[in-house]
Amino acid sequence: MNRYLKLVHWEITRFWKMLAALAIVTIVLQCAGILYETHRYASEVYDRVESDHSTIAAFVQEHGKHSFIDGLARAGLAVYAPIALCIGGLVLYVFLIWYKEWFGKNAFIYRLLTLPTARRNIYFAKFTAILLFVFALVGLQLVLLPIEDGLYMMAGGDTLFESSNIFDLIANDRLLSMLIPQTFTDFVINYGAGAIAVFIGFTAVLLERSYKLKGIVAAILYIAAVGVFMMMPVLLPGNLTVTYWYTIEWFGIEAALGLVVAAVTVWLGLHLITKKVTV
Amino acid sequence: MIEVKGIGKKYGRKHVLREVSFTAEKGQITCLIGINGVGKSTVLKAIMGLTPVASGTILIDGRTVSSQLYDKITFIPDSITMPPNMTVDACMQFMKDYYASWNTKRAAELAGFFKLNGRDRVGELSKGNAAKLNLLLGLALDVDYVLMDEPFSGIDMFSREQIASVFTSHLIEERGVIITTHEINDIEHLIDKVVLLENGLVRREFETEEVRLQEGKSVMDVMREVYNG
């Protein structure tokens, strides 16, 4: 346990600079995007009011105040691009967290695999690190949204702009509601599927590291087999399951299949790192 | 004692090792000799559980290799295994954190002997100093067995002499050492036992002192006999 925690700490120290860079890019781009769009909207409104010889109060009465939800939607790319960058960076790191140990001038994998601790600790430390990085970036986004709302109101003022409830904002946004689920069930579905995907990624890497070219073929076949297995209820003759079962039953079946996939994938990954991996 | 019993391994269609068997005793220096690609490094990796073997068994003091044994046996590969951005001090701290067998006093002694600067980064070390740090990280562990893969490969003469001198010191005494090397001249007089490998097979295994006394031959003489027919 002690060495497992040390390994988690070790993984964090090796990625924290990259994580900090992703966080800074997110903060800067989102805040700058929101400020820019706030000023742009205000200018558009002032120009329109001026040309119509109207007043801001009349404009607000007719169109309503511009909410933070609207502002975020207008900022679009500036908000979603850093989120996509973080997701892409972490997906890439699921593979790099293993490959960095083999590649480069100094192959750290020699040291890592000969540490006097069970190799499953290395496997789970890497998994825990990925999970912590995800939660760190999602946590940052969660903290950032009210700050951005405050920034929005500070830059625009309350005559034309209005604050939004953060929970409404997340519920209205597909990407944000996927990352920050509203219910426990959604959390289990989203993060459970994510965790299984990470385990599958780990197993794919370990298959390749154990059997090289044959391992790549095996990894592709394994991923395809998992896909077919998870789709089994849909692929059954007559498509009975989709039309016949209640949503909760459907969820239960998929959750059970997901658990089987997770168990088999973790078992295979641990077997490979313990018995088959080659340095 | 390390017992390698009939291990075999294939890379693709090529047999790297076929029925390789030998033993290495505690308190002795056993040298694996053979040309490049003969499977010397693979044998060391197999002993450490860093590559699976297709057949045969490997026992260390009667037990198969497992993570618990890494406090009893260490492997010093032919290149440094620590990340390039780490300092020498950080490398030693890392070892101290993970290995119960880490001997801080001995590490400091070795760092002084090799004149390694604790603040230097691994990536900035010369080839000779990187080899010395690699050796330090292995030898500062209070382990029973040390496996070294080509410790003299590609380093300058003075570093070679300094590393060779380690073999006559208390740092090696009492331990079982398996070493692979091309530079047999540097340590020929220190070797207790030789295992000559060719085409994945053990061509000959002998005690150097025995051959010297009974046949009047040096290690080089036996190597010439075996490899040149």
Subject >> Contact winner vs chain B - L112(A), L7(A), I109(A), heavy-atom pairs under 4.5 Å >> reply: L7(A)
Subject >> From NZ (K17(A)) to CG (N85(B)), nearest 0.5 Å >> reply: 6.5 Å
Original post:
Around K212(A), counting heavy atoms of other residues, nucleotides and ligands shown, do more than 12 lie under 6.0 Å from its NZ?
Top reply: yes
**OP:** Assess whether atom OH of Y36(A) is packed by more than 12 heavy atoms of other residues, nucleotides or ligands within 6.0 Å.
**Re:** no
Original post:
In Å and rounded to the nearest 0.5 Å, what is the CZ to OH distance from R3(A) to Y99(B)?
Top reply: 9.0 Å
Subject >> Contact residues of residues 272-279 of chain A (partner chain B; heavy-atom separation under 4.5 angstrom) >> reply: K275(A), K276(A), V277(A), T278(A), V279(A)
Subject >> Pairs of heavy atoms under 4.5 Å with chain A: top-ranked of A130(B), P52(B), S66(B), G12(B) >> reply: P52(B)
**OP:** Evaluate whether atom NE2 of H271(A) has more than 12 neighbouring non-hydrogen atoms of other residues, nucleotides or ligands under 6.0 angstrom away.
**Re:** yes
Original post:
Is it the backbone or the side chain of T117(A) that comes under 4.5 Å from a heavy atom of chain B, or both, or neither?
Top reply: backbone
**OP:** List the atom of K6(A), the atom of D97(B), and the distance in Å for their closest heavy-atom pair.
**Re:** NZ-O, 2.5 Å
**OP:** Report, as yes or no, whether the 6.0 Å neighbourhood of atom CD1 on I216(A) holds more than 12 heavy atoms from other residues, nucleotides or ligands.
**Re:** yes
Original post:
So, Y98(B) versus W10(A), ring centres under 6.0 angstrom or not?
Top reply: no
Original post:
Can you tell me how far the CG atom of L69(B) sits from the OG1 atom of T114(A), to the nearest 0.5 Å?
Top reply: 12.0 Å
Original post:
About how many Å separate OH of Y110(A) and CD1 of I76(B), when rounded to the nearest 0.5 Å?
Top reply: 13.5 Å
Subject >> Under 4.5 Å from any heavy atom of chain A - which part of P77(B) >> reply: side chain
Original post:
How many angstroms lie between OG1 in T81(B) and CG in L113(A), if you round to the nearest 0.5 Å?
Top reply: 11.0 Å
Subject >> Whether over 12 other heavy atoms sit under 6.0 Å from R120(A) CZ >> reply: no
Original post:
Is the number of heavy atoms from other residues, nucleotides or ligands within 6.0 Å of CE (M1(B)) greater than 12?
Top reply: yes
**OP:** Report the option among K72(B), M48(B), M82(B), Q68(B) that has the most heavy-atom pairs separated by less than 4.5 Å from atoms of chain A.
**Re:** M82(B)
